[in-house]
Amino acid sequence: MNYKDLGNVSVSSLLECDLVAPTVDVNSTALDLKEHDGCYFVVNVGESNDTLSGSVKIELEVQTSDDNSTFVAAADAEISAAVTGTNTGTFAVIDAAAEDATVYSVAYIGRERYARVTVNVTGTHTNGTPLAITGIRFRGKYT
């Protein structure tokens, strides 16, 4: 998809960097996709303050909901960059120093009205990793 395909676009900050250094699972604010065909999430991950490994890692996952209350993992077929993770909807597994201080992105095109990013933390993260999440709704159906 190129930028001309995006149509009516709106951008929202879903999780502010200066507020987050997760040591436990964190959910972003959900995007309301009413009157939009999908969204794009951009996750800016800072340098980890812990030693990452297969047992101390962060997984980024798209979750969806039809009521903005009960969320489930998105199906891999509904996201643009699925990777093998603990749950479906995973688009990044950060388990080494070479994988932090990076920007990760994923598109969601599904039927649920709400979508968010969940930061799943595995192992003991004493100091955390700063990150920020931005959501971009695209292809607005009405202007």
Side-chain angles (χ1 to χ4, degrees), residues 1-140:
M1 172 183 338
N2 65 43
Y3 72 93
K4 293 179 183 177
D5 297 327
L6 294 178
N8 300 316
V9 174
S10 66
V11 179
S12 300
S13 175
L14 304 178
L15 195 62
E16 295 184 22
C17 183
D18 59 342
L19 299 177
V20 178
T23 57
V24 296
D25 293 355
V26 174
N27 298 319
S28 75
T29 301
L31 279 178
D32 185 349
L33 301 178
K34 183 178 181 182
E35 301 177 356
H36 289 80
D37 286 338
C39 66
Y40 196 66
F41 293 107
V42 178
V43 182
N44 190 339
V45 179
E47 188 172 324
S48 179
N49 295 308
D50 295 298
T51 301
L52 300 174
S53 67
S55 60
V56 178
K57 63 186 175 184
I58 299 167
E59 294 177 300
L60 304 176
E61 171 190 327
V62 175
Q63 290 187 334
T64 62
S65 172
D66 62 358
D67 61 5
N68 201 23
S69 179
T70 303
F71 284 83
V72 297
D76 286 345
E78 296 175 328
I79 66 171
S80 63
V83 299
T84 301
T86 303
N87 301 311
T88 61
T90 299
F91 62 96
V93 177
I94 305 162
D95 59 4
E99 297 163 345
D100 65 4
T102 301
V103 176
Y104 293 91
S105 59
V106 64
Y108 166 73
I109 301 178
R111 296 184 178 202
E112 298 298 330
R113 179 168 172 178
Y114 300 92
R116 71 182 183 190
V117 173
T118 293
V119 181
N120 291 319
V121 179
T122 300
T124 301
H125 292 252
T126 305
N127 302 303
T129 303
L131 56 91
I133 301 172
T134 302
I136 304 162
R137 292 175 207 73
F138 57 78
R139 292 191 200 145

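- In terms of heavy-atom proximity, V62 sits nearest to V106 at CG2-CG1, 3.8 Å.
- Residue H36 holds its NE2 atom at 10.0 Å from CZ of F138, rounded to the nearest 0.5 Å.
- For E112 (side chain) and D66 (main-chain N/O), a donor-acceptor pair under 3.5 Å exists by modelled atom type.
- Separation of atoms OG1 (T134) and CG (L31) is listed at 10.0 Å; rounding is to 0.5 Å.
- Partners of A30 under the side chain to side chain contact (heavy atoms under 4.5 Å, CB included) rule, at least two apart in sequence or in another chain, are N68, F71, Y114, R116.
- Closest approach of S48 to D100, counting heavy atoms only: N-OD2, 2.7 Å.
- Closest of all the heavy-atom pairs between A81 and S105 is CB-O, 4.3 Å.
- Rounding to the nearest 0.5 Å gives a distance of 10.5 Å between OG1 of T102 and CD of E47.
- Closest approach of V83 to A92, counting heavy atoms only: CG2-N, 3.7 Å.
- Of the inter-residue distances, the one linking R111 atom CZ with T64 atom OG1 reads 12.5 Å to the nearest 0.5 angstrom.
- To the nearest 0.5 Å, atom CZ of residue F41 and atom CD1 of residue I79 are 10.5 Å apart.
- At a cut-off of 3.5 Å, with distance as the only test, a side-chain donor of S65 or D67 sits close to an acceptor on the other residue.
- The nearest pair of heavy atoms linking T129 to G46 is CG2-O, 3.4 Å.
- Although no hydrogens or angles enter the test, the distance criterion places no donor-acceptor pair under 3.5 Å between the side chain of H125 and the main chain of N49.
- Distance alone, capped at 3.5 Å, is enough to place a donor-acceptor pair between the D50 side chain and the G128 backbone.
- Using modelled atom types, one side-chain atom of D25 and one backbone atom of V121 make a donor-acceptor pair closer than 3.5 Å.
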Candidate pair I58 and V119, rule side chain to side chain contact (heavy atoms under 4.5 Å, CB included), full reasoning: CA-CA 7 Å; I58 299 167; V119 181; 3.6 Å; yes

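- Taking CD1 of I94 as the start and NZ of K57 as the end, the distance is 11.5 Å to the nearest 0.5 Å.
- By the side chain to side chain contact (heavy atoms under 4.5 Å, CB included) test, D76 pairs with A82, T88, sequence neighbours left out.
- None of T90, T86, N27, N120 except one satisfies the side-chain hydrogen bond (donor to acceptor under 3.5 Å, both in side chains) rule with E61; the exception is N120.
- S53 is linked by a side chain to side chain contact (heavy atoms under 4.5 Å, CB included) to S55, V56, counting only residues two or more places apart in sequence or in another chain.
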